[in-house]
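Read the structure below first, then the notes.
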Amino acid sequence: MKLLLVALGGALGSIARYALGKKITEKTMGKFPAGTFIINITGAIMLGVVSSINTDIYTYALFGDGFLGAYTTFSTFMYEGVNLFQNSEKKNACIYIILSFILGILGYIAGVVIFKNI
Amino acid sequence: MRKYVYILIGGAIGAVLRVVIKGINLFNYSGNIPINTLIINISGAFILMFFLTVAFEVAGFDANIRLGISTGFLGAFTTFSTLCKETVVLIFNGYYFSAFLYILLSFVLGLATAYAGYILAKKYIVKITK
């Protein structure tokens with residue numbers, strides 16, 4: 001049952017990432033991978049909210065491990081990082097990686113804090 | 001529309017595999033750094049780079065299958081939100097050095113293995129096109 005919810009959340013999270021990523025990339029068209037960047041940060045914020053709500057394991061399986069786990073991604077993040085380095089966009093690569101981690105961690109904490117103050 | 005079905009299926013399988021691997025006690029490990037997520041993310045980065053390098057080089061590679069495996073399966077298998085959560089949990093528990101090391105290992109090994117995936121894929125392509 002738990003894995004079934006993970007599968008459902010994972011399927012929806014992947015579609016959401018693809019659709020949103022495409023939209024952002026169409027609008028920005030820059031040398032900075034804004035799509036994955038925005039997706040990963042917003043996903044970290046939302047996981048902070050989901051984690052601070054006292055949910056049962058099934059709700060967490062659907063939204064936390066399933067949807068948000070799949071919505072955010074690490075493999076594409078690294079793929080884009082290496083591509084930036086290979087295209088001699090070293091500065092952008094470093095900014096992308098460092099900023100993702102800093103904002104991801106702060107975003108998660110913000111998510112926890114936001115929920116506690118609602 | 002068809003590509004969404006491929007991403008959907010890939011994403012469902014990737015997320016389930018991640019949760020299953022996360023639940024396994026690997027090598028009787030009992031340290032602070034969450035190595036399960038680390039291994040998942042690093043192996044996913046390697047496979048994605050290898051796979052996409054091959055897929056983009058091979059003429060006529062099915063775009064739907066490519067999206068299903070890359071955006072669907074590998075995108076959902078690896079995760080960024082859990083990585084952030086685990087880091088914050090380490091920080092909140094006072095394991096500052098472990099938190100720092102976890103982030104450092106994630107992106108250094110992630111970039112290194114992704115690059116290795118690229119190099120291997122290039123060698124593999126030369127082999128199959130000869």
Side-chain angles (χ1 to χ4, degrees), chain A residues 2-4 6-19 21-22 36 39-48 50-51 61 64-83 85-86 93 97-98 100-109 111-112, chain B residues 3-5 7-20 22 37 40-49 51-53 67-68 70-89 91-92 99 103-104 106-107 109-115 117-118:
Chain A
K2 197 188 131 194
L3 288 181
L4 214 66
V6 171
L8 178 66
L12 296 175
S14 301
I15 293 288
R17 169 163 41 76
Y18 177 71
K22 224 174 113 183
T36 311
I39 286 164
N40 275 345
I41 309 293
T42 51
I45 297 170
M46 288 190 279
L47 190 65
V50 171
S51 299
D65 278 333
F67 185 83
L68 292 170
Y71 170 69
T72 61
T73 185
F74 185 79
S75 50
T76 308
F77 173 38
M78 289 296 111
Y79 176 82
E80 291 164 340
V82 170
N83 274 342
F85 275 116
Q86 284 180 325
I97 292 164
I98 294 169
S100 288
F101 279 113
I102 292 175
L103 293 180
I105 290 164
L106 290 179
Y108 179 85
I109 296 172
V112 174
Chain B
K3 63 184 175 187
Y4 288 100
V5 179
I7 295 171
L8 210 112
I9 294 168
I13 298 170
V16 167
L17 190 64
R18 168 166 41 80
V19 170
V20 168
K22 226 179 107 182
T37 308
I40 288 165
N41 278 343
I42 289 166
S43 60
F46 170 78
I47 300 167
L48 181 72
M49 196 71 177
F51 172 73
L52 281 183
T53 307
L67 279 173
S70 62
T71 305
F73 178 73
L74 292 165
F77 177 60
T78 60
T79 182
F80 184 77
S81 50
T82 306
L83 193 165
C84 293
K85 178 183 179 171
E86 289 165 341
T87 306
V88 171
V89 170
I91 294 171
F92 282 0
I103 293 290
L104 192 73
S106 289
F107 81 83
L109 293 178
L111 287 173
T113 52
Y115 187 67
Y118 170 79

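Just so you know, these numbers use all the heavy atoms, side chains as well, and skip hydrogens, waters and symmetry mates. Every value quoted in this text rests on a predicted model; they were computed, and no experiment measured them.
Proximity to chain A is limited to the side chain of B:Thr87, based on heavy atoms less than 4.5 angstrom apart. Only the side chain of A:Ile97 comes within contact range of chain B, judged by heavy atoms closer than 4.5 Å. Within the 4.5 angstrom heavy-atom criterion, only side-chain atoms of B:Leu52, from C-beta onward, approach chain A. Using a 4.5 Å cut-off between heavy atoms, A:Phe67 makes no contact with chain B at all. Residue B:Phe46: no heavy atom, backbone or side chain, is found under 4.5 Å from chain A. For B:Val88, the part lying under 4.5 angstrom from a heavy atom of chain A is the side chain only. Contacts between B:Leu83 and chain A at a heavy-atom distance below 4.5 Å involve the side chain alone, from C-beta outward. Residue contact with chain B, scored on non-hydrogen atoms closer than 4.5 Å, is absent for A:Thr42. Proximity to chain B is limited to the side chain of A:Tyr108, based on heavy atoms less than 4.5 angstrom apart. At a 4.5 Å heavy-atom cutoff, the contact between B:Tyr118 and chain A is made by side-chain atoms alone. If you measure heavy-atom distances from B:Ser43 to chain A, you find no contacts under 4.5 Å at all. Interface remark: A:Phe77 contributes side-chain atoms only to the contact with chain B (heavy atom separation under 4.5 Å). Proximity to chain A is limited to the side chain of B:Leu67, based on heavy atoms less than 4.5 angstrom apart.
You'll find the side chain of A:Lys2 reaches within 4.5 Å of the side chain of B:Val19, heavy atoms only. In this structure the side chain of A:Phe74 reaches within 4.5 angstrom of the side chain of B:Ser106, judged on heavy atoms.
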Exercise for review: Please test A:Tyr18 against B:Tyr4 for ring pair (Phe, Tyr, Trp, His ring centres under 6.0 Å), starting from the C-alpha separation and ending with a verdict.
Suggested key: CA-CA 9 Å; A:Tyr18 177 71; B:Tyr4 288 100; 5.8 Å; yes

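Among the candidates B:Leu74, B:Ile47, B:Ile40, the single residue satisfying the side chain to side chain contact (heavy atoms under 4.5 Å, CB included) test with A:Ser75 is B:Leu74.
Between the B:Ser81 side chain and the A:Leu68 main chain, a donor and an acceptor come within less than 3.5 Å of each other.
Closest heavy-atom contact between A:Gly66 and B:Arg18: O-NH2, 4.2 Å. When all heavy atoms are compared, the tightest approach of B:Phe80 to A:Gly104 is CE2-CA, 4.0 Å.
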